[in-house]
Amino acid sequence: MTPDEFRILGRQMVDFIADYWQSVDQHPVLSRSAPGDILRALPTSPPQQGLANSTSPDPWHDIFQDLRSTILPGLTHWQHPSFFAYFPANISGPAVLGELLAAGLGVQGMLWLTSPACTELETRVLDWTAQILDLPAAFHSTSTDGSTTGGGVIHGTASEAVLVALITARDQARRRSPDSRPLIAYASDQTHSSFLKAAIIAGLADSPDDHRHLRLIETDSTGALRPDALESALRADLAAAHSAACPPADQPWLHVDAAYAGNALICPEFRSMAAGYAAADSFCFNPHKWLLTNFDCSCFFVKHRAALTNALSVTPEYLRNAASDAGTVIDYRDWQIPLGRRFRALKLWFVIRHFGINGLQSYIRSHIRLGQLFESLLRTDPRLEVVVPRTLNLVCFRLKPLPAESPADTDARNRTLMQQLNASGALFLTHATLPKSHPQGPRLFLRLVPGGTTTTETHIHQAWQNIQATSHPMPDA
Ligand SMILES: Cc1ncc(COP(=O)(O)O)c(C=O)c1O
């Protein structure tokens, strides 16, 4: 494809994307494809003759046709304003342009040398981000007194960030106490599955149920980790270790996985959530969830970059160069799992420059207001209840139990409600269960997170009408 051919097809593709954004709300949010539908619509063998030599004035006609007829119907529309499932993965024009530019520049930034701008823009943008979130000074790569002990890096996902944190923690513990005593990882019993997976990949745990190496600490009725329970677990493990022959590596590594909620720190009024962050060794949040930056973009900050590079740096001769050897540059390959890395900082740079801090703050606040609105609507209907207090814009609710109804039947009615709503195509929401330690037991509930780029009050009112029309019967019926 020549640059001039690329210009023509590129404009067609940008038009295709813009048309999609303008009409995304016409699609059912959750794809109606059955398993295998898309596979069956695709040829089993690749074309022998490509389009490159086509003389047609519209050489990609068939590709665009297939996008419309096969790919779009097979999408669950994450950018639909009534996508309320999981956590959002919201996007914006500036981010998508950054993504396009990163692909077009085709840079692989594993070392400073392999593209100084890829490294230094990332360092600057992550320092901006640390400022915007008001993170402790130790997480900045360049502190005002010129010392540089910490810093940030863009990973693909929060899963990689927690894995890197665990590997670094393991390395530190082994350096301090080189005996082969098993290490223990602690997290809330509401922790994300990525923590358990990382513990397995890092070799700390044998399975998600490996209670010898994993402590999942009880949460309170609001879903928050109970500090007293954490303290007791730590004390018990330390006492057991001290009574054994070798001294334990008793300085834990504290990683804060704020994949979703961390985005709200951009607004000063939510920063009480970050009280105590100064004690953390590492922190991660995902602009690819809630900060208008398309997947993937997960910002990972550490207080001591040396701990990270001690754990992850492996330097064969072919990667050596004068700048790296002099120690005057950052080589982000030593801050992450893969060697290669994309130029992800471009999209975050464009987002911050386009929206500015004020724009990003109003964006987060608009979603919080939508969460408040939905919660207030819920409270008007006696058939429904909010099961844990709303956190930011995450609302957890369910149909109340009917008199004499078994917990399993209440769960089944809630599951049916969710399935009916999702099958309607008008909205998409997902479920979770309360922890076993919750006073109501491990009950199923539904969760609604209004966080789409174009979600407005209208979509919340529509969702509410659908929920009301589908929720039956009354608890006293
Ligand atoms: C707290 C938390 N951690 C980790 C993740 C996983 O994120 P990623 O897909 O970036 O690995 C999520 C996703 O929702 C999350 O909410």
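The figures that follow rest on heavy atoms only: side chains count, while hydrogens, waters and symmetry mates do not. Start at 1 and go down the list; that is how both ligands and their atoms are numbered.
- The aromatic rings of H77 and H27 lie parallel to each other, their planes meeting at an angle below 30°, with 60° marking the opposite boundary.
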I'd like a table of the close N/O pairs between ligand 1 and the protein (anything under 3.5 Å), one pair per line with both atom names and the distance.
from	atom 1	to	atom 2	distance (Å)
ligand 1	3 (N)	D257	OD1	3.2
ligand 1	3 (N)	D257	OD2	2.6
ligand 1	7 (O)	K289	NZ	3.1
ligand 1	10 (O)	A158	N	2.8
ligand 1	10 (O)	N286	ND2	2.9
ligand 1	10 (O)	H288	NE2	3.2
ligand 1	11 (O)	A158	N	3.4
ligand 1	11 (O)	S159	N	2.9
ligand 1	11 (O)	S159	OG	2.5
ligand 1	14 (O)	K289	NZ	3.4

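- Judged by distance alone, the side chains of H459 and S82 never bring a donor and an acceptor atom under 3.5 Å apart.
- Between the side chains of N393 and Y260, at least one donor-acceptor pair of N or O atoms lies under 3.5 Å.
- Among residues two or more places apart in sequence or in another chain, the ring-ring contact (aromatic ring centres under 6.0 Å, His included) test is passed with H80 by none.
- Applying the side chain to side chain donor-acceptor pair (under 3.5 Å) rule to pairs touching residues 111-123 yields W112-E120, E122-R341, T123-Y332, sequence neighbours excluded.
- Evaluation of the side chain to side chain donor-acceptor pair (under 3.5 Å) test over residues 343-352, restricted to residues two or more places apart or in two chains, returns E99-K347, D296-R344.
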